[in-house]
Structures are given as C-alpha cells and as structure tokens.
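Given the structure is predicted, the values throughout are model-derived calculations rather than measurements.
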Amino acid sequence: MVDDPEYELRSPRLPQLGYPCNTLARVIAMPTTDPVLARIATYPWPRGGLTVRQNNRGYSLFSARTGAPVARLRPLGETNRVEVLWWRRGAWGPAGPFGAVFDLDEALAFIADEPAFWIRA
C-alpha cells in the first residue's frame with residue numbers, strides 16, 4: 001500500500017473487476033504536453049516531414065514518407081541543449097567526427113538543412 005495520498009486513487013470501477021472499493025490504484029503523474037515534442041512537430045520540415053517517437057532518453061525522428069530514421073535528439077540535463085545523433089551503420093551515432101550539441105531550435109535547423117540526415121528520407 002502507498003502511504004502518499006497524492007499518488008493514490010480510489011476507483012469506483014474496481015468492484016466491477018472483483019476488487020473491493022477500498023482497493024487503491026497507483027497513479028503516475030505525467031505531463032499532459034511535452035514542449036519539446038510540440039516544437040519538433042511544429043517545425044517546417046522539408047521532404048515530406050517527420051514523425052517523432054519519444055523513447056528511452058530522447059526523441060527519434062523518422063521520415064513521414066519512408067519511415068526511415070532521420071535523426072535523434074538527446075536532451076542534456078535540464079537545459080535547452082540537445083545532442084544530435086544520426087543513423088549510421090545500423091545504429092545512432094554522433095553527427096560528425098566530434099558530435100553536435102545545439103540549442104533545440106538550432107538543432108532542428110541543423111537537421112533540416114544538412115543533406116546527410118535526409119539520405120534515406
């Protein structure tokens with residue numbers, strides 16, 4: 001049983017499932033909107049646009065037209081900076097010989113303007 005009432009919820013539906021009314025269900029608070037996802041989605045992407053998946057520790061960008069991987073953005077702490085990765089030899093790797101770290105808006109512009117990201121798109 002969870003001691004913190006902020007994370008507990010009494011559900012009226014539980015008796016329908018065979019559980020007593022006093023059974024507690026754990027609620028995980030998640031943000032309803034992700035500002036990074038919103039900024040990626042509203043960016044004017046070339047070549048048919050992108051689809052975005054948030055997974056693990058970052059955001060994977062795929063061609064909306066072909067489904068091929070285009071880029072990955074890995075946030076760096078609580079800042080607005082992200083590491084840009086590209087799909088190379090079957091895995092995500094640093095973009096360029098020394099990697100690429102930008103503010104989010106600069107990273108989106110870098111991905112949109114750099115032809116190497118769009119080879120498979």
Side-chain angles (χ1 to χ4, degrees):
M1 218 182 212
V2 179
D3 295 319
D4 188 356
E6 183 178 336
Y7 292 102
E8 296 177 351
L9 172 70
R10 294 189 187 276
S11 174
R13 294 184 183 185
L14 290 176
Q16 298 168 357
L17 300 174
Y19 298 104
C21 284
N22 62 355
T23 301
L24 299 175
R26 186 166 179 95
V27 175
I28 299 173
M30 294 185 67
T32 55
T33 59
D34 184 338
V36 175
L37 277 175
R39 286 168 72 185
I40 294 169
T42 59
Y43 194 85
W45 294 106
R47 299 173 181 87
L50 294 175
T51 59
V52 180
R53 290 186 213 147
Q54 182 182 10
N55 51 4
N56 212 359
R57 298 177 314 181
Y59 303 89
S60 298
L61 287 63
F62 297 89
S63 169
R65 190 171 53 85
T66 65
V70 173
R72 181 156 170 80
L73 300 173
R74 186 176 297 153
L76 299 174
E78 297 296 320
T79 67
N80 190 34
R81 298 187 57 81
V82 294
E83 178 183 14
V84 178
L85 305 170
W86 59 17
W87 191 254
R88 184 169 173 242
R89 296 184 183 136
W92 295 111
F98 303 107
V101 175
F102 300 101
D103 287 332
L104 181 59
D105 292 327
E106 293 171 356
L108 299 179
F110 174 65
I111 294 166
D113 295 338
E114 179 59 47
F117 286 103
W118 300 94
I119 290 172
R120 291 172 208 82

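Linking ILVMFWY residues whenever their side-chain heavy atoms come closer than 4.5 Å, directly or via other members, places Val84 and Trp86 in the same cluster.
Not a single side-chain hydrogen bond (donor to acceptor under 3.5 Å, both in side chains) links Asn56 to another residue, sequence neighbours left out. For the side-chain hydrogen bond (donor to acceptor under 3.5 Å, both in side chains) test, no residue two or more places apart in sequence or in another chain qualifies with Thr51. Residues satisfying the side-chain hydrogen bond (donor to acceptor under 3.5 Å, both in side chains) test with Ser60, not counting sequence neighbours, are Asn55, Arg72.
For residues 38-82, the ring-ring contact (aromatic ring centres under 6.0 Å, His included) pairs, not counting sequence neighbours, are Tyr43-Trp45.
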Please output the side-chain donor-acceptor pairs of residues 114-121 that fall under 3.5 Å, not counting sequence neighbours, one pair per line with the distance.
from, atom 1, to, atom 2, distance (Å)
Trp118, NE1, Ile111, O, 2.6

Sequence neighbours left out, cut at 3.5 Å: what donor-acceptor pairs do the side chains of residues 88-107 make with other protein atoms?
from, atom 1, to, atom 2, distance (Å)
Asp103, OD1, Arg81, NH1, 3.4
Asp105, OD1, Arg39, NH2, 2.9
Asp105, OD2, Arg39, NH2, 2.9

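Side-chain atoms of Leu73 and Val52, non-hydrogen and from C-beta on, never get closer than 4.5 Å to each other.
Taking CG of Leu50 as the reference point, atom CG of Leu108 lies at 9.5 Å (rounded to 0.5 Å).
Nearest approach of Gln54 to Leu37, heavy atoms of both residues: OE1-CD1, 3.9 Å. Listed here is the closest heavy atom pair of Gly58 and Pro75: CA-CD, 3.8 Å. The nearest pair of heavy atoms linking Leu85 to Arg74 is CD1-NH2, 3.4 Å.
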